Peer 1: 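Can you keep this structure in mind? I'll have questions shortly.
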Amino acid sequence: MALEARGTPESLPGLDVVSTTPETKQSTSGVALAPELPYARVVLDQPVPHLDHPFDYSVPLSMHDDAVPGARVSVRFGAQKLNGYILERRADVEAGVSPIPLLKVLTPFPVLNPLVATAARAVADRYAGTLSDVLRAAVPPRAASVDKEFRTEAEVSEAEAGSRAASSSFDSSESAWRHYEGGPDFLAQLAAGESPRAVVTVLPQAAGDWTQLVTDALTATHASGRGTTVVVPDARDLQLLETRLAEHEPAIDVARLNAEDGPTPRYRNFMSVALGRTNVAIGTRSAAFAPLKAPGLYILWQDADQSLNEPRAPYQHAREVLLLRASLEGAGLLILSTSRSAEAQRLVATKWALELAAARDVRRSFSPRIVVTGDDFEREKDPFLHASRLPRAAWTAAKDALEKGPVLIQVARTGFVPTTSCERCRAAASCKHCHGPLSLSHASAVPTCQWCGRVANAWSCDVCGFTKLRARAIGADRTAEELGRAFPKFPVVSATGAQPKYEVSDKPQLVVATPGAEPRAHGGYQAALLLDGDRSLMREGLRVSEEVVHRWFDAVSLVKSASEGGRVVIAASQTDATQALVRMDAPGFAWRELEQRRDVNLPPACRSAVLEGPARSTDEFVESLSLPETVSVLGPVAFENPGTSGDYLHRWLLFFTYADGPNVAKELKNAKIRSSTHRKPVVSVRVDDSRAL
DNA sequence: AGCACGCCGACT
DNA sequence: GTCGGCGTGCTC
């Protein structure tokens, strides 16, 4: 806590030096300094790479109590006023440094706790970014009114903390963990104060859903007197978990950390963790930096979800943040997913983490029956099915299932008919004038060019000459409309990212959802139809099939078991991806993916960096790098600057081993420092950004 | 962002 | 020989 000031008289500006007591140090500006540890090492909130190191300031006597390590301060830096955080209080400064006083303590509480400061430094280093960039995600913006609340509260209740009774004893034989080999052991280790690391592919909902697994792991950790942080991809999952915890563990105080809750509640919840009043934090990606006092376990749900990538520099992924924290802090790690990312598989393959899996017959007993039916083939022959966009097997499954309960229909993506193709040969339809893509809008049935805006009145296919168009990736709204016509007796609900719905009843109904937005059905869906498979798999990109498999497994996990009549129909051609679903073998699929990446030396079998920027400076940037021989450097690729015309940028790719990672990141950071001190145009550096590849 | 220090050209 | 151009680097 705050250092205790001894009864040194406060000296006023302009007061004679002689009048201060001999022990009281003076700063160069003549202000009386704190009696103990009169200097503060400060990290500046300034994202310029060459300022990414601590600066020492003196602590005026008046700020002695408030200037605690982790406090938010305001300082003079050259001509400007900047904010920053105190990393530590010190007795001395390095030779040659003449410190000036802190201007102000903005938040007199440790909003940047030492564990978080260390972890944030490690994250910055790993991603060749600056500490202040990482802190922007780790520490929420200040809300002055909240600081005030806590300031007055702190005065009232000084000795409240302390005995946090390790209360709850739990019985793992009752837990959903009993279905997983090694599951009860895992809980026992956590309860005993150990820090195991595990990767788990969760069983379908019939075996008890993921929130039960999370709750039990959290409770076990709590019993050892330690805290837990749970990171989930989005507000829907956060809501589900919060509800579950409130119902089953009302005695455990939980802080909810979500940027979307708004600045004031966000900061208030954050503060309750930072001050040690709450030892359990749940939230979206930035909750990975929750400032727990005694972290025992980090849990990540659905680590393959794209929203766990921070969209701002240095583009860190919550999985990597938690991995670093678990290592640095000696805490446990639990990655839970309905499927298995190649990254998580790598942790299992290198034996860094345990794999806790259900036996094959257990897996089978909780799984729905899964069939694969061609995406297009059967539909061609049946005019009705053709119109409704449903393969026959899917239509039949839906019809039967609707006798008993809700049916989930997962479609590729949101929006209303983005592009079009020839109805006969399926070639993409393009504009006769400029070859831009044609689209159908809701308002008119006439296809319009997305580039030049011309209306294609008399369109004919470039390839086969046919004159009819069809919609390509059809969105959720359109599908809902069509299904409403196909099953007029049942209500149709649609759930997308923009219009979310978290839960539906067990009544017969059609639920159309885009990936990631599937509502949970009370008691599980009777059936799920996974549409648009081939079209989704046709997309460009290294990790498309992995992504499609993830979202299929997500949907499957919400369906009742086969013994309760649960059915899943996948409308896609037979591939490794569909095979993985039929066998319910997400780890096997991830293992093959990882092996293939290893063969061709692509992430996540290796690490990567993408460098982008103005052609000249980017090339110079790459040229200036001194990298180990083993790094492969690919480029440059020229591409048009989005938003401008005729402005070309260059992109370079670096692939390197995990062993070379720290050195490569360090060299990239050094090059950024060189480039920024010479006021060169900014080259963006993205380390391990799976979306950029 | 601003300020100091430093190495070349114009002037007393 | 001295004043001042702004170009480069540093700011605790």
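Letters A, B, ... mirror the listed sequences (proteins, then strands); counts begin at 1. All figures in this text were calculated on a predicted structure; none of them were measured in a lab. Reckoned from all heavy atoms, side chains included, excluding hydrogens, waters and symmetry mates.
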Peer 1: So, are A:D261 and A:R268 salt-bridged, with charged N and O less than 4.0 Å apart?
Peer 2: no
Peer 1: For the ring pair A:H317 and A:Y315, is the centre-to-centre distance below 6.0 Å?
Peer 2: no
Peer 1: Which atom pairs link the protein and nucleotides 10-12 of chain C when you take only N or O atoms and keep those under 3.5 Å?
Peer 2:
unit_1, atom_1, unit_2, atom_2, d
C:dC12, O3', A:D56, O, 2.4
C:dC12, O3', A:I100, N, 2.9
C:dC12, O2, A:D56, N, 2.6

Peer 1: Any sub-3.5 Å donor-acceptor pair from A:R226's side-chain atoms to A:G193's backbone N or O?
Peer 2: yes
Peer 1: Could A:R41 and A:E94 be called an ion pair, given the rule that one side-chain N must be under 4.0 Å from one carboxylate O?
Peer 2: yes
Peer 1: Can you measure A:K680 atom NZ to C:dG7 atom P for me and round it to whole angstrom units?
Peer 2: 16 Å
Peer 1: Please work out which of the three classes, parallel, tilted or perpendicular, describes the rings of A:F55 and A:H53, given edges at 30° and 60°.
Peer 2: tilted
